[in-house]
Amino acid sequence: MENLEFRADIPTPLLGSGARDAISLCGECGWLYGRVATYVETVLEDDVEGVQCSTARALAARLDFELGEYHRKLSMLESELPPLVIPKSFSSSHHQQQHQHRLAQTRHLTLRELVARLPPIRDHLRTLAILADGVGTRNLRGGKLLAAILRHSLDGDTAHSHLVRSIAADCSVPWYKMLFKWITQGVLEDFHSEFFVREMQLDHRSSRSSSGFFTWHERYVLKESQVPLCCSGGLMEIITPELAQEVLLVGKGINFIRYCLQDKDWEVAEENEDSQMTDTVLGCEGYSFSTLKDEAGYGDEFQCVSTLHDVVTQSSERIHSHILDSLKNQHHLMGHLHALKQFLFLGQGDFVSSFVESLDAEFRGRTSTAGIYNHTLASLLEGSLRTTNARYLPNYVLRNLGVRLMIDEKDSDRYWMGQPSKTKSDEMTPWIDNEASIQDPWDYVCIDYQIDSPLDAVVHDSAMRTYHHVFLFLFRLKRVEWMLNNSWRQSTALNHSILVETKAGGADAPAIGEAAEHSSYLLRRISSTRQTMLHFISNLQNYLMFEVLEGGWEGLERSIKKAKSLDDVILAHNSYLGEIVEKSLLGDKGDGESPTLETLLQKLLSIALKFGKFQDHIFTNSLAGLDKAARIRKKVEERAEKGEWGRTTLDTEEGMVFRYLADAKLFEFVEHTANDFEKVFSNLLKMMSKQVDQVDWTSSLDEDQEETIAVVKTHDALPFLLFRLDFSGYYARQAREKRKQAKMQHG
């Protein structure tokens, strides 16, 4: 374009200024014509690479038409030239003299008149050459080409601006045909990559090709570089970035309806729909941006954004309304989301309790996943479903529910085919703190819920990972609670058996008196530690179940009810999961120096889990020993009733339980566990209190009210949980006393 300048070098000094101007004008017109004609010939050739696109060919066709008009104007000028007179050697007749006299009297095109009439034609050619050199030779296509042409119309010369706009209108016809196909049929006929929507290619044999997630999130993407933006707003815009996004959603919604919802006969426009706006844009063949009038705006014939926006909005409303109606009614969106809450967030309490009891019976005595198979877990799951209220759930929920073992491919135990021994022994084995090296089967259990197309557009893989992440936390919390409650039942039975054994006495009753006192103190210390852990576990679980999960579910229901599009539903579901992760203390990233809230929770649950295993171990051994002592005592009574000696020798089994419970290692373990739990628990409360203090409750009071409500909802749960965990202020007083002691030591 920088070379678009004509220089006429006329060395002949015999010509006057008028002749030189005429020659210069004629030469410039020919030179401009040649540049435009060269571009037209280049584009219209079928074998040229890089410039073959519908918009470029439309530009070339319009330029070719303008060249034809240029020929017509030249013909008109040529018709006004004086005829060529051939001189003769003989004298003219009287008739010829009269003819020459009439020609002399007729007005012909003069040189000065030619100089006056050629500049408009030259300016017209110059505009065409500017477009050919400045736009065409840059190999622009689609939206880029239209935007570049329209930018050339932003000129003070009205004739230049009008011509460029007229050319842009013709060039936009193929582009609008693609737009028409896209927003009415969801068909992307873009063979030369000139539309602003691009389709990602995928093997049709792949299962992902018909998935809701791929169709909605990945199949179609917006090419911002091909959006025909002229000057970032104003009368000359064909489309805006926001409108381009709406157009993408309209076509994407049509394909989602046909390929995912399987409604292949559904149409965007209803049969009885009679809309002047729809007829203007979608009912005519000769549409371009110049045919779209903005009746609500300034009345400029080239302002078409408002009209197109109304059409796209109308189509978008019908499309999203049909999608949401189909997802809610035909595909049971809310039913599946509620099932995810009930099973993966452990909201179905009776089922969870039954399933945990079944797993405990299956896993008791196992130290690895050897011999545990998926079909075994499936049978346990099926049994829990049949024996609880979960059996009344719809079939579309029950058939999607499953369970699996999360075993890594490299784990050698996965291929272990043996069955570990589960024989019970009456011998009281000592407690060995080696649980860290044991492969606990509980840690590999995961409840699955299958989400099929089209619901996977809402519950995508990332959302399912979040569901499983929260499930593993809640499931371990439930397991620890169940173990502590079960140990309370065992402790009650053990205390009763010890009381019976103490009253019964025996041959060695005086020797076990001191051991009985030590065992009684141990059981009281175990009970105190267990109550501390249960206080934390029960309050945390109640907080999660009622304030986090139930509150989040109510918010999700309200958001989905207000949703106007599928994107609104996806955003509401993602926000629902994000809020649950945040309020569950699992989303704390930390500062890299101190442990996160999630890390402290894991430590507390690990300590409580180890303590639960410890109680189960010693209570099981103690009850087994007391049962054996009771059997011996019964035999003594039977021999005494027969008149025989009840006891012939000193029975070493008597008092074995008391001596077992009086072991100093057990006291050390309980004290160490209690101190560790209290230390980590205090750190958790301290960090929670620090996070509450760091929340700026007034930061958004002067801004949008919705943002203020969001801040309050996100952080209001933490102070209530903090109050529940330390309602009496015991841990706060302990922390103050420790700080005072530290100051006194340093002072």
Side-chain angles (χ1 to χ4, degrees), residues 344-346 406 408 433-440 442-446 462 465-484 529 532-545 547-549 552 577-614 669 672-695 714-715 717-726 730-732 734-735 738-739:
L344 269 67
F345 287 166
L346 308 186
M406 300 183 300
D408 189 77
D433 186 11
N434 61 348
E435 298 297 317
S437 61
I438 294 179
Q439 188 184 47
D440 194 343
W442 288 85
D443 295 334
Y444 295 87
V445 177
C446 181
S462 178
R465 286 193 293 269
T466 303
Y467 273 109
H468 287 142
H469 179 57
V470 177
F471 165 79
L472 293 177
F473 170 65
L474 295 176
F475 189 67
R476 187 160 192 175
L477 185 66
K478 185 67 179 179
R479 182 205 174 184
V480 172
E481 183 199 31
W482 190 88
M483 288 189 67
L484 294 177
T529 304
T532 301
M533 293 181 177
L534 276 174
H535 165 73
F536 164 72
I537 296 296
S538 60
N539 278 282
L540 178 60
Q541 191 172 46
N542 290 335
Y543 159 78
L544 293 173
M545 290 299 171
E547 296 190 20
V548 176
L549 298 179
L577 293 180
E579 183 180 349
I580 287 178
V581 171
E582 187 70 24
K583 289 187 176 182
S584 301
L585 311 182
L586 302 179
D588 182 26
K589 302 301 181 182
D591 53 6
E593 298 179 357
S594 57
T596 63
L597 291 176
E598 183 178 3
T599 303
L600 294 177
L601 285 175
Q602 290 177 352
K603 288 183 179 180
L604 287 174
L605 293 180
S606 297
I607 294 173
L609 180 62
K610 185 182 295 185
F611 187 71
K613 293 179 179 180
F614 164 78
F669 179 82
H672 180 71
T673 301
N675 293 333
D676 286 348
F677 187 86
E678 183 176 349
K679 180 180 179 181
V680 178
F681 188 51
S682 299
N683 291 336
L684 177 67
L685 295 177
K686 180 180 178 181
M687 184 168 294
M688 291 172 60
S689 178
K690 182 179 179 181
Q691 287 200 1
V692 171
D693 295 337
Q694 288 177 349
V695 176
T714 304
H715 300 284
L718 203 57
F720 290 107
L721 176 61
L722 185 61
F723 172 75
R724 282 186 175 187
L725 294 178
D726 192 18
Y730 169 77
Y731 294 99
Q734 291 289 100
K738 289 182 179 180
R739 286 196 297 268

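The shown structure was predicted, so the numbers you read here are calculated from the model rather than taken from an experiment. All values below come from the heavy atoms of this structure, side chains included, with hydrogens, waters and symmetry mates left out.
- Atom CD1 of Ile580 is separated from atom NE2 of His469 by 12.0 Å, given to the nearest 0.5 angstrom.
- Phe345 approaches Met545 most closely through the heavy-atom pair O-CE, 3.6 Å.
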ask   = Under the side chain to side chain contact (heavy atoms under 4.5 Å, CB included) criterion, do Thr529 and Phe677 qualify, and how do the steps go?
value = CA-CA 9 Å; Thr529 304; Phe677 187 86; 5.8 Å; no

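- To the nearest 0.5 Å, atom CD of residue Glu481 and atom CG of residue Leu474 are 11.5 Å apart.
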task = Tell me, with the steps shown, if Phe669 and Phe611 meet ring pair (Phe, Tyr, Trp, His ring centres under 6.0 Å).
result = CA-CA 9 Å; Phe669 179 82; Phe611 187 71; 7.0 Å; no

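- The shortest distance between side-chain heavy atoms of Ile607 and Met533 falls below 4.5 Å.
- A 4.5 Å side-chain heavy-atom check between Arg476 and Leu609 finds at least one atom pair inside the cut-off.
- Closest non-hydrogen pair, Leu601 versus Ser584, comes out as CD1-O, 3.9 Å.
- For the pair Leu684 and Phe536, the minimum side-chain heavy-atom distance is below 4.5 Å.
- The shortest distance between side-chain heavy atoms of Phe473 and Leu544 falls below 4.5 Å.
- Here the shortest heavy-atom pairing between Met406 and Asp443 reads CE-O, 3.7 Å.
- Under the 3.5 Å distance criterion, the side-chain polar atoms of Tyr543 are matched with a main-chain donor or acceptor of Lys583.
- Summarising the geometry, atom OG1 belonging to Thr599 is positioned 11.5 Å from atom CG belonging to Leu585; distances are rounded to the nearest 0.5 Å.
- By the 6.0 Å contact criterion, NZ on Lys478 is enclosed, its count of non-hydrogen atoms from other residues, nucleotides or ligands being greater than 12.
- Taking CD from Glu678 and CG from Leu685, the interatomic distance works out to 10.5 Å, rounded to the nearest 0.5 Å.
- For the residue pair Leu600 and Val680, the shortest heavy atom distance occurs at O-CG1, 3.8 Å.
- Atom CG of Asp676 sits about 10.5 Å away from atom CG of Leu604, to the nearest 0.5 Å.
- Looking at heavy atoms from C-beta onward, Leu344 lies out of side-chain contact with Val470 at the 4.5 angstrom threshold.
- With contacts defined as side-chain heavy-atom distances shorter than 4.5 Å, the pair Ser538/Arg724 does not qualify.
- Shortest non-hydrogen contact noted between Leu721 and Asn539 is CD1-O, 4.4 Å.
- The two residues Leu346 and Phe471 make their nearest non-hydrogen contact at CD2-CE1, 3.8 Å.
- Annotation: the span from Asn683 atom CG to Met688 atom CE amounts to 13.0 Å, rounded to 0.5 Å.
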